[in-house]
Amino acid sequence: MLNCWEAALGAAVSVPVFLFVAAPYIRRYVAGGRCKSTARLEGKVVIITGANTGIGKETARDLAQRGARVIIASRDIAKGEAAASEIRAETGNQQVIVKKLDLADTKSIREFAENFLAEEKELHILINNAGVMLCPYSKTADGFEMHLGVNHLGHFLLTFLLLERLKQSAPARIVNVSSLAHHGGRIRFHDLHGEKSYNCGLAYCHSKLANVLFTRELARRLQGTKVTANALHPGSVYSELVRHSFVMTWLWKIFCFFLKTPCEGAQTSIYCAVAEELDSVTGQYFSDCQPAYVSPRGRDDETAKKLWSVSCELLGIQWD
């Protein structure tokens, strides 16, 4: 009987000891790939949406450290200014500025683009980073389902409005932050706005698939322009993205040790923005700073073309 108790006690002690010893290796695995490029960005202009927090903020910090003029496009100006102030102080780069952008309102998107084009003569890197996740059913100012409206249509319109400036500044890059969740998505053309059926988790997946398909079709259309477009999965990151779900917020806190930090999550965005070996690479999908598998639905060119056409129709634009 004593041997049983001794064995149980030994097992109870060995588990935390094992975790303590293994912790550095676990963290190294969770952290994933790192961008090793030392490229400098003096004279380059960068826009990052949603860069007031999370991986967007860490991306802005890194690119500012490299010398870029970084424009933080944020819905919350106060948070954006706080992030910009912190980055300026840390990097010594005073060319980190904040501009108002609400991706849930096409009027705001058009105003942002109009102001940018009037003030800035070049644009070398556009990082479509901002996003919403697990929102209760709601619609944008223009009547689009929130995930589709912010994560896809908002960035679709922003890219359209800024594309000529990117072409004029070429070589230039467009980086779309998607997700592994695109594997669970599908483009439901018969119910794009979730009015017939809605699940917040699936709505997020659908919007991330839209990011991948948009990137694929955009890259095809940009062939020969020296403007590249790539998408990426940042990893499972401990950030504010899950704030709309109490359960996910709770789980994120419990398992934070097994999640990437925002800095770790930003590495693939940074890689896609600066890595020299990607100068002519376009239409690809990356994770942990290397090419990653795209779901069959994410490789469907006919769906990509149809989504492009429907997106233009919803936004009232002609993008040929």
Side-chain angles (χ1 to χ4, degrees), residues 31-51 55-71 122-131 155-156 158-159 162-180 182 208-235 237 260 262-295 298-299 301 304:
R34 293 193 67 84
C35 177
K36 298 177 181 179
S37 171
T38 58
R40 299 295 302 172
L41 297 176
E42 280 85 2
K44 303 297 185 182
V45 180
V46 179
I47 292 175
I48 309 174
T49 66
I55 66 173
K57 179 180 176 182
E58 295 305 321
T59 303
R61 190 193 310 276
D62 183 281
L63 301 191
Q65 187 72 58
R66 295 171 186 268
R69 177 173 173 81
V70 178
I71 296 171
E122 295 183 298
L123 176 59
H124 304 93
I125 302 171
L126 170 61
I127 302 180
N128 291 320
N129 165 83
H155 284 128
F156 187 97
L158 179 66
T159 305
L162 298 177
L163 189 59
E164 287 307 310
R165 188 56 47 88
L166 283 159
K167 288 180 179 179
Q168 293 165 9
S169 309
R173 301 187 187 192
I174 299 167
V175 179
N176 294 326
V177 179
S178 181
S179 169
L180 182 69
H182 85 271
K208 294 291 102 178
L209 174 59
N211 293 154
V212 172
L213 291 169
F214 169 46
T215 303
R216 188 176 183 88
E217 179 63 9
L218 179 61
R220 186 185 71 81
R221 289 167 177 258
L222 290 176
Q223 289 289 347
T225 64
K226 294 187 178 180
V227 179
T228 62
N230 291 297
L232 66 99
H233 167 55
V237 182
K260 289 185 177 185
C263 181
E264 292 164 349
Q267 294 304 306
T268 307
S269 294
I270 297 165
Y271 174 74
C272 288
V274 306
E276 297 89 341
E277 62 267 31
L278 299 187
D279 280 346
S280 59
V281 174
T282 191
Q284 301 302 304
Y285 172 75
F286 295 87
S287 179
D288 284 328
C289 301
Q290 60 185 358
Y293 179 74
V294 179
S295 74
R299 289 179 271 120
D301 289 332

Measure the spacing between [atom1] of [X] and [atom2] of [Y] and express it to the nearest 0.5 Å.
| X | Y | atom1 | atom2 | result |
| --- | --- | --- | --- | --- |
| Glu264 | Asp288 | CD | CG | 10.0 Å |
| Gln168 | Arg165 | CD | CZ | 5.0 Å |
| Ile55 | Asp62 | CD1 | CG | 12.5 Å |
| Gln267 | Lys36 | CD | NZ | 11.0 Å |
| Leu222 | Glu217 | CG | CD | 10.0 Å |
| Ile127 | Leu63 | CD1 | CG | 5.0 Å |

Margin query: Looking only at side-chain N and O atoms, does Ser178 offer a donor or acceptor that is under 3.5 Å from a partner on His233?
Written below: no

Note to self: Distance alone, cut at 3.5 Å: any donor-acceptor contact between the side chains of Tyr285 and Arg299?
What the structure shows: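 Note: Tyr285 and Arg299 side chains miss the donor-acceptor criterion.
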
Next item on the list: Using salt bridge (charged side-chain N to carboxylate O under 4.0 Å, His left out) as the criterion, list what pairs up with Glu164, not counting sequence neighbours.
Entry: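 For Glu164 the salt bridge (charged side-chain N to carboxylate O under 4.0 Å, His left out) partners, ignoring immediate neighbours, are Lys167.
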
Check: Ion pair present between Arg173 and Asp279, side-chain N to carboxylate O less than 4.0 angstrom?
Finding: yes

Distance-only, no hydrogens or angles: does the [X] side chain make a donor-acceptor pair with backbone N or O of [Y] under 3.5 Å?
| X | Y | result |
| --- | --- | --- |
| Ser169 | Leu123 | yes |
| Thr59 | Ile270 | no |
| His124 | Ala172 | no |
| Gln284 | Asn230 | no |
| Ser295 | Gly298 | yes |
| Thr268 | Cys289 | yes |
| Arg66 | Ala39 | yes |
| Asn129 | Ile48 | no |

Checklist line | Residues which pass side-chain hydrogen bond (donor to acceptor under 3.5 Å, both in side chains) with Asn176, listed by chain and number, not counting sequence neighbours | finding: Asn128, Thr215

Taking all atoms of both residues into account, what is the closest heavy-atom pair of [X] and [Y], and its distance?
| X | Y | result |
| --- | --- | --- |
| Glu42 | Arg40 | OE2-NH2, 2.6 Å |
| Ser269 | Val177 | OG-CG2, 3.7 Å |
| Gly43 | Glu122 | O-OE1, 4.2 Å |
| Thr49 | Ala130 | OG1-N, 2.9 Å |

Check: Would you say Leu126 and Leu158 make side-chain contact, with heavy atoms under 4.5 Å?
Finding: yes

Item checked: Arg220 vs Thr282 side-chain heavy atoms within contact, under 4.5 Å ->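 Heavy-atom side-chain distance check fails, nothing below 4.5 Å.
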
Note to self: Evaluate Thr228 against Ile174 for side chain to side chain contact (heavy atoms under 4.5 Å, CB included), listing each step before the verdict.
What the structure shows: CA-CA 6 Å; Thr228 62; Ile174 299 167; over 6 Å; no

Check: What orientation do Tyr271 and Phe286 show, parallel under 30°, tilted 30 to 60°, or perpendicular over 60°?
Finding: perpendicular

Next item on the list: Using the side chain to side chain contact (heavy atoms under 4.5 Å, CB included) rule, take Leu162 and Ile47 through it: C-alpha gap first, then chi angles, then the decisive distance, then the call.
Entry: CA-CA 10 Å; Leu162 298 177; Ile47 292 175; 3.7 Å; yes

